[in-house]
Amino acid sequence: MQPNLNRLLRALAREGLEVTYDGRLYTVRLQGDANAPPAEVLLPPDLPVEGKAFRQLAHLAALKHPRGGEVLRVRATPDFHPGDSGVAIGSVLHTRGLVVPAAVGTDINCGMRLHVADLSVEDFLSRRDAFVERMKGHYFFGTRDVAMSSHAAEALLRDGIPGWLLETMEHPLGCAVKADLGQLDRESTRIHLGGSLEGDPAWAPSGLVKPGVVRDAGLATIGGGNHFVEVQRVEAVTDRARAWEWGVREGQLAFMIHSGSRDVGKHVGMAWLDRAREAWPQGASFPESGILPLADPELVAEYLRAEATAANYAFLNRLLLAELLRHTLRELFGDVEAPLVYDVPHNITLPWEGGWLARKGACPAEAGQPVIIPGSMGAASYLMVGCGDAAALASASHGAGRARSRFSMARGGADHREAALGLTGVDCITLRQERRIEEAPAAYKPIGPVVAAQVEAGIVREVARLAPLLTFKA
DNA sequence: ATGTGC
C-alpha cells in the first residue's frame with residue numbers, strides 16, 4: 001500500500017468521505033448518507049489514487065431527484081480520473097427511473113474500432129512513407145472525400161450506419177463501401193448495437209443537415225486529446241481459440257481507431273447539461289455536486305434520442321476513418337483483406353437489467369464480447385474478451401487512465417518535455433508538436449497493472465496484445 | 001472531449 005494512502009484517507013474523511021480499502025477494492029460514500037449505495041473503485045495498491053475522482057464518485061452515488069428514481073450502483077474502473085462536469089472518467093452508473101446526461105458527458109460514443117489486415121508488416125513498412133503521405137492528406141489536409149447529401153446525413157443521424165448505407169449510392173466513398181457490401185453485412189454484427197440507435201436529426205448542430213445540400217459533415221476526422229488512428233502489429237496472441245474465431249493472428253498487421261462524435265456530441269451533451277438544469281424542479285435546491293439527473297419519462301426518452309443521434313454519427317465517423325485507411329492500403333498494396341474485428345462505444349447510456357447503465361470512459365465487457373483497451377501513446381493495446389461480471393457492472397477500463405493533466409505536462413519545463421518526448425518511442429504523425437508532450441506515456445498510468453487488475457477480478461480475459469507501428473494524432 | 005474561447 002502506498003505510504004501516503006492513510007494520509008489521503010484521513011484527508012478525505014475530513015471532507016466528509018467514508019473510504020475503506022481491502023487492498024483491491026475501495027468503497028466510497030458521503031458520510032451520513034446511509035441510503036446512498038457505496039461507490040466502488042477497483043484499484044490495485046500500486047496505482048495512484050486521486051481524491052478529486054473519489055469525491056466525484058461519491059457524489060454520483062448520492063444523486064437523487066426530488067420526483068423519484070434511484071441510483072442502484074456506482075462502480076469505477078482502475079483507470080478512473082477526475083472529469084469535467086463533475087463526473088469522473090471511468091465511472092459506471094446503474095440507475096432506475098432516472099438518467100444523468102453528465103454521466104456520459106459531451107464526448108458521446110467515444111469508442112474503439114479494431115481491424116486486422118492481410119498484409120505483412122515488412123510489406124507495409126516498405127511503403128510506409130507513401131502510406132503516411134496519403135493518410136496525412138485524408139486525416140489532416142482534407143483530401144478525403146466524404147461529402148454527403150442531406151438525405152444521407154439525416155438517415156445517418158436517425159438510424160446510424162444502416163440508414164447511411166441505404167442513402168450512399170452517389171457518394172464516392174460509398175462506392176468503395178458498396179464494393180465491400182458482402183463484407184459490411186458480415187461486419188454489421190461486429191459493430192456494437194449494429195452501429196444503429198434511434199436518433200433524431202433535429203438534435204444535430206444547426207447546419208449539419210441542410211435540405212438539398214451535399215456537404216462535408218466533418219466525418220472521418222480523428223479529433224483531439226487521446227484520440228488516434230494507429231497502425232499496429234499483433235505482437236502476442238494469448239487466447240488462440242478466441243483470436244482464431246475473431247480472425248486475429250500473431251504477427252499480423254492491424255489498425256485501431258479511438259474517436260467519437262466530434263462537435264455533434266459536444267453540441268448534444270452541452271445542450272442537455274443546460275436542459276437538465278432548466279428541468280430541475282422549481283424550488284428544489286441544486287445538489288452541491290452540480291450533477292443533475294433527469295427523471296421525467298418524456299424528458300428521459302428525449303435525452304436518449306439526442307444521445308443516440310450523436311452516437312450514430314460517431315459510429316460512422318469511426319467507420320469512415322477505417323474505410324479511408326483500408327482504401328489507402330488497397331491503393332498501395334492491391335486487394336488487401338482488412339476485416340473489422342469489433343467497434344465498441346465506451347461513452348454511452350444503454351439499457352441494463354431493467355434500468356440504465358451510463359458508462360463514461362468504460363468499455364462494455366459482457367460475456368463473450370470483444371473488449372478493446374488502448375494503451376497510451378507508444379504502449380501496447382489489448383484485445384480482451386468480456387466475462388459479464390455483474391459486480392463490475394459488466395464494464396472494463398477504456399485505457400490506462402490519465403495520471404497528469406495536459407496542462408501539467410505542457411508546463412513541466414524543458415527537461416520534463418524532452419524526457420517525455422524521448423520516452424514516446426513511437427512513430428507519431430501529427431501536425432501539432434504539443435500532442436507529443438500532452439499525450440506522452442508519462443502523462444498516463446502504466447497499462448499493464450490496469451489490465452492485470454481487471455483480469456484478476458474476473459472482468460476480462462486477454463486475447464491479444466497489439467504493439468504500435470505508427471500513430472496519427474490530430 | 002470540443003471547428004476548444006475572450
Side-chain angles (χ1 to χ4, degrees), chain A residues 52-53 56 77 79-91 100-113 138-144 146-147 153 203-210 215-229 257-274 290-291 306-307 309-315 317-318 320-321 344-349 358-363 374 376-377 397-410 430-435 437-439 443-444 472-474:
Chain A
K52 186 176 176 188
Q56 292 183 336
T77 57
D79 63 337
F80 95 128
H81 55 99
D84 308 333
S85 77
V87 179
I89 321 297
S91 301
V100 183
V104 169
T106 60
D107 191 11
I108 295 167
N109 190 0
C110 181
M112 302 301 304
R113 172 178 268 253
H138 291 325
Y139 290 156
F140 304 147
F141 299 132
T143 59
R144 73 199 198 288
V146 292
W203 277 108
S206 63
L208 191 88
V209 178
K210 282 192 173 157
R215 65 184 295 270
D216 182 332
L219 285 154
T221 55
I222 296 172
N226 57 355
H227 290 180
F228 63 78
V229 173
I257 291 162
H258 182 187
S259 187
S261 51
R262 314 290 279 103
D263 56 316
V264 182
K266 187 210 170 200
H267 173 84
V268 169
M270 299 274 276
W272 278 90
L273 292 178
D274 291 346
I291 307 168
E307 201 197 283
T309 311
N312 284 338
Y313 180 96
F315 279 127
N317 191 38
R318 287 193 293 274
L320 290 175
L321 284 163
V344 61
H346 53 226
N347 270 12
I348 200 161
T349 309
R359 294 182 173 97
K360 184 175 194 168
C363 185
S376 53
M377 191 160 63
S397 79
H398 82 311
R402 192 167 265 285
R404 308 186 51 188
S405 70
R406 289 189 244 287
F407 181 68
S408 91
M409 290 303 289
T430 182
L431 304 180
R432 298 175 48 143
Q433 292 311 308
E434 64 268 33
R435 284 280 182 248
I437 295 155
E438 294 168 354
E439 296 298 312
Y444 287 87
F472 294 89
K473 284 181 96 66

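These values consider heavy atoms only, across backbone and side chains, with no hydrogens, waters or symmetry-generated copies. Each chain gets a letter, A, B and so on, in the order its sequence line appears, and its residues count up from 1.
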Give [X] one of three labels, base, sugar-phosphate or nothing, depending on what nucleic acid heavy atoms sit under 4.0 Å from its own.
X: A:G105; result: nothing
X: A:G224; result: sugar-phosphate
X: A:N347; result: nothing
X: A:H227; result: sugar-phosphate

Exercise. Please list, chain by chain and in numerical order, all residues satisfying ring-ring contact (aromatic ring centres under 6.0 Å, His included) with A:H258, sequence neighbours excluded.
Key: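 Applying ring-ring contact (aromatic ring centres under 6.0 Å, His included) to A:H258 gives A:H227, A:F228, A:H346.
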Quiz item: For A:F472, what residues pass the ring-ring contact (aromatic ring centres under 6.0 Å, His included) criterion, not counting sequence neighbours?
Solution: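 Checked A:F472 against ring-ring contact (aromatic ring centres under 6.0 Å, His included); matches are A:Y139.
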Practice problem: Give a yes or no on whether the backbone of A:T221 and the side-chain of A:R144 come within a donor-acceptor separation of less than 3.5 Å. | Solution: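 A pair under 3.5 Å: no.
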Acceptor/donor pairs from residues 101-109 of chain A side chains to any protein atom, 3.5 angstrom cut, sequence neighbours excluded:
| residue | atom | partner | partner atom | Å |
| --- | --- | --- | --- | --- |
| A:N109 | OD1 | A:R318 | NH1 | 3.4 |
| A:N109 | OD1 | A:R318 | NH2 | 2.8 |
| A:N109 | ND2 | A:A311 | O | 2.8 |

Quiz item: Among pairs that include at least one residue of residues 79-90 of chain A, which meet side-chain hydrogen bond (donor to acceptor under 3.5 Å, both in side chains), considering only residues two or more places apart or in two chains?
Solution: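 Every side-chain hydrogen bond (donor to acceptor under 3.5 Å, both in side chains) pair that includes a residue of residues 79-90 of chain A, provided the two are not neighbours, is A:T77-A:D79, A:D79-A:H398, A:S85-A:K360.
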Practice problem: Go through the structure and list residues passing side-chain hydrogen bond (donor to acceptor under 3.5 Å, both in side chains) with A:N347, not counting sequence neighbours. | Solution: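 Counting only residues at least two positions away or on another chain, A:N347 forms no side-chain hydrogen bond (donor to acceptor under 3.5 Å, both in side chains).
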Self-check item: Contact boundaries on DNA chain B for chain A, cut-off under 4.0 Å to non-hydrogen atoms
Solution: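 Footprint of chain A along DNA chain B, 5' to 3': B:dA1 to B:dG5.
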Exercise. Would you kindly compare A:M270 and A:N226 by the position of their nearest DNA chain B nucleotide and give the one closer to the 5′ end?
Key: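 Its nearest nucleotide lies further toward 5', so the answer is A:N226.
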